[in-house]
Undergrad: 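Got a structure here, written out as structure tokens. Questions coming.
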Amino acid sequence: MSSSKKNYASNRDALFGTSSSKSTTRSNNNSANRDALFGTSSSSKKPHRNTSSSTATARQPRTPSSSISSSSVSTLGSTSTSSSRYATNGKKKVIGSVTGQAKVKKMKEAEEYRDKAKKAMQRGMFSRPDPIIAGTYYRRAADLYKQCGENRLERLHRVASGDCQRGQEAFSSAAMEYSRAAELVIESEDPDARKRTESNKLYKDAAEMWMSMNEKGKAGQCFVNAASCLLIGTDEESGKMDKKVLAAFEEAVEAHVPDSLNAFGCMRQTGVSAFKGEKDNSLAREQVVTSPFANETLTVAMKKLVQYHEYKSALYAAGAVTTLLEGDGVSTISLGRSYLSETILQLAMGDVVAADRTFLEHHLQKNSYLTSRECKLAEDLIRAIKSMDQEALDAAKLENRAAMANLDPNMRALVLDLKTTGAVTRKKDGAAPVPSSSRSGKKSSKAKAMAGTAAATAATVAATGTAMSANKATDEEDMDKEMDELMKGLDMDDAPDDIPEEEEEQSEEELSDDEFDLR
């Protein structure tokens, strides 16, 4: 029986070859196909270990080899020092690019992947374009260009990969490629106008991809990033925001919360809500973003609007943040700070009546807000401004330092700029801070002016007193003269002689006590 099996095996091997050779050939084909799609793996490049040589070298002491060429040493040094270490560029950490022969090798490999991608998109007699394979090749080429530090080439291949993935409805991969390309545009050295245009378009394309997958949170974040890209190269100190940028921010806010569900939807300055005229808010409630940390995305938009002194639009964004935090049912501290932001923005707009009404009718209905520091600060600010008491306003700012410390720096500066009357005005363009020397000079000149004014006032008072005393003496002399003339004009001889002494004394007293103005 065993002999017949051996005969069968020998006949099969004679006709079709050994099974071991067949299996090795099949595995080699599989590995070749895998390498063509995804690149060569590190395990396939490792040589087989020779046990005899390893044992021989183990017995002998290791000595430094002198057969390694200088080019290979430089290549190894470049890859180990540049690709494994991190170089800091500002606040971000980026992986350093390779140099030398390693860079040349990777650039050549990236060009090969690019050629494969172009070939995959060609139509032949027995083949048709394959965007999936082409997108994979473009992405691998972009990764290699990233290692080489080629910003522009990586950006172009990211966009090409995203377009290929978009055509096959692979929206998630396309959105990530577009977002990465937008980041590369921002980091590039192109002109600011080109940065604003390209990054805004790429982020909007990414938002469209996320909306196709019903990822409203990620889409809203891309909308906010697209609006923020329009501020590249603008002057923050001027306090002016273009209408196009303002409309982009307000569209990003509505992408999170529709205007019909926003308590301050009337503060929107540009555009019209997509849900205007809807009687039932059921469709609007379905469009509210419920993903985690969506309120932080809107908070970023609110900070930008406050930074550029767009208080109405900032209040519009703050109302959307409040709607999201009230909807989750668990937020307390963040909700209290959102309430305080609404109060501060209303006071900054100069509308203390609306701030008081919102505080009483809406904010105080939340039990967790009643015992918070933010509630005390809001109440003190409203009371001081409502009574127009500047001392009480300064005391409120001083006593509630703990609540103000938790606010955003822009919002904290807005609290410090609050006044008892009127709205918070913008800073004048190009207004430079006054140096201390000029301030001291102004103070000294002001003190000298006040001293001169006081001396002049004292001299005027003294002169007035002298004139008044002189006039008084003159009036008394005139009065005496007039009295003498009056007494002379009277006929004293016709007066009766039998007047009693008591009546005479009484009449003299009456005459002496009476005061007549004979002038």
Side-chain angles (χ1 to χ4, degrees), residues 166 169-176 178-179 182 200-230 243-306 310 312-331 334-335 337-339 341-342 345 358 362 365-366:
R166 184 178 187 175
E169 297 184 356
F171 299 122
S172 177
S173 300
M176 289 188 290
Y178 287 144
S179 300
N200 178 264
K201 183 182 182 302
L202 289 171
Y203 270 125
K204 282 187 175 180
D205 292 341
E208 184 181 351
M209 296 298 99
W210 289 122
M211 289 296 292
S212 300
M213 294 188 63
N214 200 23
E215 291 285 348
K216 293 177 288 187
K218 295 180 180 180
Q221 185 176 3
C222 289
F223 278 124
V224 173
N225 292 338
S228 301
C229 289
L230 295 176
K243 291 296 183 182
K244 182 180 178 181
V245 185
L246 189 61
F249 273 110
E250 290 181 347
E251 289 175 0
V253 172
E254 191 185 11
H256 288 80
V257 178
D259 292 354
S260 57
L261 301 179
N262 191 343
F264 296 98
C266 59
M267 293 296 171
R268 183 173 181 175
Q269 301 184 63
T270 61
V272 182
S273 175
F275 301 91
K276 184 179 180 180
E278 184 183 358
K279 297 180 179 179
D280 189 10
N281 292 329
S282 58
L283 182 60
R285 290 190 181 92
E286 293 179 359
Q287 299 300 321
V288 176
V289 177
T290 57
S291 60
F293 308 108
N295 61 299
E296 295 184 0
T297 305
L298 286 179
T299 304
V300 172
M302 183 183 66
K303 292 176 183 178
K304 290 289 185 182
L305 293 169
V306 172
E310 296 292 343
K312 288 186 177 181
S313 299
L315 185 58
Y316 172 65
V321 174
T322 301
T323 303
L324 293 180
L325 293 175
E326 288 178 345
D328 61 10
V330 295
S331 300
S334 299
L335 181 60
R337 294 173 184 173
S338 180
Y339 284 160
S341 299
E342 292 179 355
L345 289 171
T358 306
H362 185 64
Q365 307 306 317
K366 193 72 174 179

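Computation of the quantities below employed the complete heavy-atom set of this structure, encompassing side-chain atoms and omitting hydrogens, waters and symmetry-equivalent molecules. By convention here, the first residue in the shown sequence is residue 1. Just so you know, these numbers come straight off a predicted model, no measurement behind them.
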Undergrad: Enter the distance from Ser313:OG to Leu246:CG here, rounded to the nearest 0.5 Å.
TA: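 Rounded to the nearest 0.5 Å, the OG-CG separation comes to 4.0 Å.
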Undergrad: Rounded to the nearest 0.5 Å, how far does CH2 of Trp210 lie from OG of Ser172?
TA: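 One finds 4.0 Å between OG of Ser172 and CH2 of Trp210.
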Undergrad: Pairing donors with acceptors under 3.5 angstrom, does anything connect the side chains of Glu326 and Tyr339?
TA: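 The answer is yes; a qualifying pair exists.
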Undergrad: What are the two closest non-hydrogen atoms of Ser273 and Glu254, and how far apart are they?
TA: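 That closest heavy-atom pairing would be OG-OE2, 2.6 Å.
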Undergrad: So with a 6.0 Å cut-off around NZ of Lys204, is the heavy-atom count from everything else above 12?
TA: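 No, NZ of Lys204 has 12 or fewer neighbouring heavy atoms, counting only those of other groups under 6.0 Å.
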Undergrad: Thr358 and Glu342: side-chain hydrogen bond (donor to acceptor under 3.5 Å, both in side chains), yes or no, with the steps?
TA: CA-CA 9 Å; Thr358 306; Glu342 292 179 355; over 6 Å; no
Undergrad: At their closest point, which heavy atom of Phe264 faces which heavy atom of Tyr316, and how far apart are they?
TA: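 Between these two residues, the closest heavy atoms are O-CD1, 3.4 Å.
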Undergrad: Search all heavy atoms of Lys244 against all heavy atoms of Leu230 and return the closest pair with its distance.
TA: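 So the minimum-distance heavy-atom pair works out to O-CD1, 4.4 Å.
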Undergrad: To the nearest 0.5 Å, tell me how far Asp205 CG sits from Asn200 CG.
TA: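 Nearest 0.5 Å value for the CG-CG distance: 9.5 Å.
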Undergrad: Where do Tyr203 and Val224 land on the side chain to side chain contact (heavy atoms under 4.5 Å, CB included) test, with the steps shown first?
TA: CA-CA 9 Å; Tyr203 270 125; Val224 173; over 6 Å; no
Undergrad: Give a yes or no on whether a salt bridge exists between Arg166 and Glu208, defined as a side-chain N under 4.0 angstrom from a carboxylate O.
TA: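 Yes, Arg166 and Glu208 are salt-bridged.
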Undergrad: Determine, stepwise, if the pair Val245 / Lys304 fulfils side chain to side chain contact (heavy atoms under 4.5 Å, CB included).
TA: CA-CA 11 Å; Val245 185; Lys304 290 289 185 182; over 6 Å; no
Undergrad: Provide the closest heavy-atom pair for Ala320 versus Val257 in the form atom of the first, atom of the second, distance.
TA: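 Smallest interatomic distance, heavy atoms only, reads O-CG2, 3.7 Å.
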Undergrad: Measure the spacing between CG of Asn295 and OG of Ser331 and express it to the nearest 0.5 Å.
TA: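 OG of Ser331 is found 6.5 Å from CG of Asn295.
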Undergrad: If you measure from OG on Ser334 to CD on Glu296, what distance do you get to the nearest 0.5 Å?
TA: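 Spacing of OG (Ser334) from CD (Glu296) equals 7.5 Å.
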Undergrad: Look only at the side chain of Glu250 and the backbone of Arg268, and say whether a donor-acceptor pair between them is shorter than 3.5 Å.
TA: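 Not a single qualifying donor-acceptor pair exists.
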Undergrad: Please report the closest heavy-atom contact between Val288 and Pro258, naming both atoms and the distance.
TA: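 The answer is CG2-CD, 3.9 Å.
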Undergrad: In Å, rounded to the nearest 0.5 Å, how long is the span from CZ of Phe275 to CZ of Arg285?
TA: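 Between Phe275 CZ and Arg285 CZ, I get 12.0 Å after rounding to 0.5 Å.
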Undergrad: Which atom names give the shortest non-hydrogen contact between Val321 and Ser338, and what distance separates them?
TA: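 What the structure gives for the nearest pair is CG1-OG, 3.9 Å.
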Undergrad: For a side chain to side chain contact (heavy atoms under 4.5 Å, CB included) check, start with the C-alpha distance between Glu169 and Met213, then their side-chain angles and the critical distance, and finish with the verdict.
TA: CA-CA 10 Å; Glu169 297 184 356; Met213 294 188 63; over 6 Å; no
Undergrad: Check step by step if side chain to side chain contact (heavy atoms under 4.5 Å, CB included) holds for Leu283 and Glu286.
TA: CA-CA 5 Å; Leu283 182 60; Glu286 293 179 359; 3.9 Å; yes
